[in-house]
Novice: 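Got a structure here, written out as structure tokens. Questions coming.
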Protein chains: 2
Amino acid sequence: MAATSPTPEQESVSTRDRILDIALELFTEQGYDKTSIRDIAERLGFTKAALYYHFKSKADILLELHLRLHALGEQLLNALDALPDGAARAQQWPRLLDEFITAVDENRELVLMHQRNQNALEALQHSERHHAANDDIEGQIRRLLADSELPAATRVRMACSVGAVMTGLLPDGLVGDIPHAEKVRLVRATVADMFRDPA
Amino acid sequence: MAATSPTPEQESVSTRDRILDIALELFTEQGYDKTSIRDIAERLGFTKAALYYHFKSKADILLELHLRLHALGEQLLNALDALPDGAARAQQWPRLLDEFITAVDENRELVLMHQRNQNALEALQHSERHHAANDDIEGQIRRLLADSELPAATRVRMACSVGAVMTGLLPDGLVGDIPHAEKVRLVRATVADMFRDPA
DNA sequence: GTCTATATTTCGATAGAC
DNA sequence: GTCTATCGAAATATAGAC
């Protein structure tokens, strides 16, 4: 009974998701501010008024996309929280980084949209108090790199490794013609090297 | 005769620069699209109409800020162009990276604004044909990492190092309470390590 | 669920007085 | 160089018919 007669709810979710997919694409390409409700609607074959049946505002669409990324981050957060203190977390950093790479790679588009629309997303979290301040991935990593009693050199190295992953993996990255799977492998190797003992 | 009686031109340049400084600040904080001409003008104590005496359009302000960064990039470009081929350039990469760090560090605000407004800047270069496609820093680096016959592993590593510098140095970076000079030193060490022979 | 039509607001830009 | 006043264009959002 899984494949037959979708509930009305499922029906509407389907259109919702089509909207979100197009929005994700346009927000990434043109930016949130330069993408109008009309742009999104016309891509889907109807008018902007119809869109307001599915979402109550433009910001709501962006919020939904943010929540998609937020959900993905929770797995990583759990891995972080399972460790006792800052030192233990730092020790596990290479492993966490590897999971981080997998997560970023599997959701490149979402991450890229997030990165290209930092301003719009900030304004969103400012009005909608949808989380305190640090319950998303970035906040958690930021906390780890700020609070801990780790040596500054280690913390800077960790921060740099995050940036290395982003630049190496994302679609608008600097390297062009390398097959994607190969690129992922090489990024893994690169950041792993950053935490290898130089014995 | 240098310190006395500024020319009318210098007088106006002074106001121009005040506008550009405020714009840089607001574009970084709120984003280009969410910053209105009025926002900028009122920060300086006059109305938006007055601003149009100094700049012919809002995009013109952004363009001017872009040119500031562009000018800084030329030194690095010259260093790159002085080297014969891709292989030689790759060999000199650590040294170029060190100069790159200096340049980014000395112009953090400008770089951050550039990074946070990629979309707006893209639209700018699309209308104003102010350079072909690759005569800015990013384009040059991109060319080096794409065209060359270097091994993919080296190219990915180079790209990652650029991202590492950005994330490590910029004001909205992940590490918080480390003194800036120390942070710069540690970033230098981190990326230098990425190209050390693992003998 | 989608449409047409419209209300409302905001913004970029210009004209012309001072 | 700065002002007031205004135009025109766009965008978000709503109302109500179908």
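Numbered from 1 within each chain, the chains take letters A, B, ... in sequence-line order.
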Novice: Measure OH/A/Y52 against P/C/dT6 and give the value in whole Å, please.
Specialist: 18 Å
Novice: Using a 4.0 Å heavy-atom cut-off to protein, can you give one letter per nucleotide of nucleotides 2-10 of chain D, 5' to 3': B if the base is in contact, S if only the sugar-phosphate is, - if neither?
Specialist: BBB------
Novice: A/R16 has an atom CZ; how far is it from atom C1' of C/dG1, in whole Å?
Specialist: 15 Å
Novice: Distance to the ring centre below 6.0 angstrom and angle to the axis at most 45 degrees; does that hold for A/K34 and B/Y32?
Specialist: no
Novice: Rounded to the Å, how far apart are B/D33 CG and C/dT10 C1'?
Specialist: 14 Å
Novice: Between the side chain of A/R155 and the main-chain N/O of A/L145, is any donor-acceptor distance below 3.5 Å?
Specialist: yes
Novice: In whole Å, I'd like the distance from the CG atom of A/L51 to the P atom of C/dG1.
Specialist: 13 Å
Novice: Just checking, is any N or O donor in the side chain of A/S161 or A/W93 under 3.5 Å from an acceptor N or O on the other one?
Specialist: yes
Novice: Between A/Y32 (OH) and D/dT12 (P), how many Å, whole number?
Specialist: 8 Å
Novice: Will you find, in the side chains of B/S14 and B/D17, an N or O donor that is under 3.5 Å from an N or O acceptor?
Specialist: no
Novice: Find the distance A/L62:CG to D/dT12:P and express it as a whole number of Å.
Specialist: 12 Å
Novice: Any Lys/Arg nitrogen of B/R68 or B/E64 sitting under 4.0 Å from an Asp/Glu carboxylate oxygen of the other?
Specialist: no
Novice: Starting at atom NZ of A/K58, determine the distance to atom C1' of C/dT9, rounded to an integer number of angstrom.
Specialist: 14 Å
Novice: Whether A/D193 and A/R196 form a salt bridge (side-chain N of Lys/Arg under 4.0 Å from carboxylate O of Asp/Glu) is what I want to check.
Specialist: yes
Novice: D/dT14 P sits how many Å from A/K56 NZ, rounded?
Specialist: 10 Å
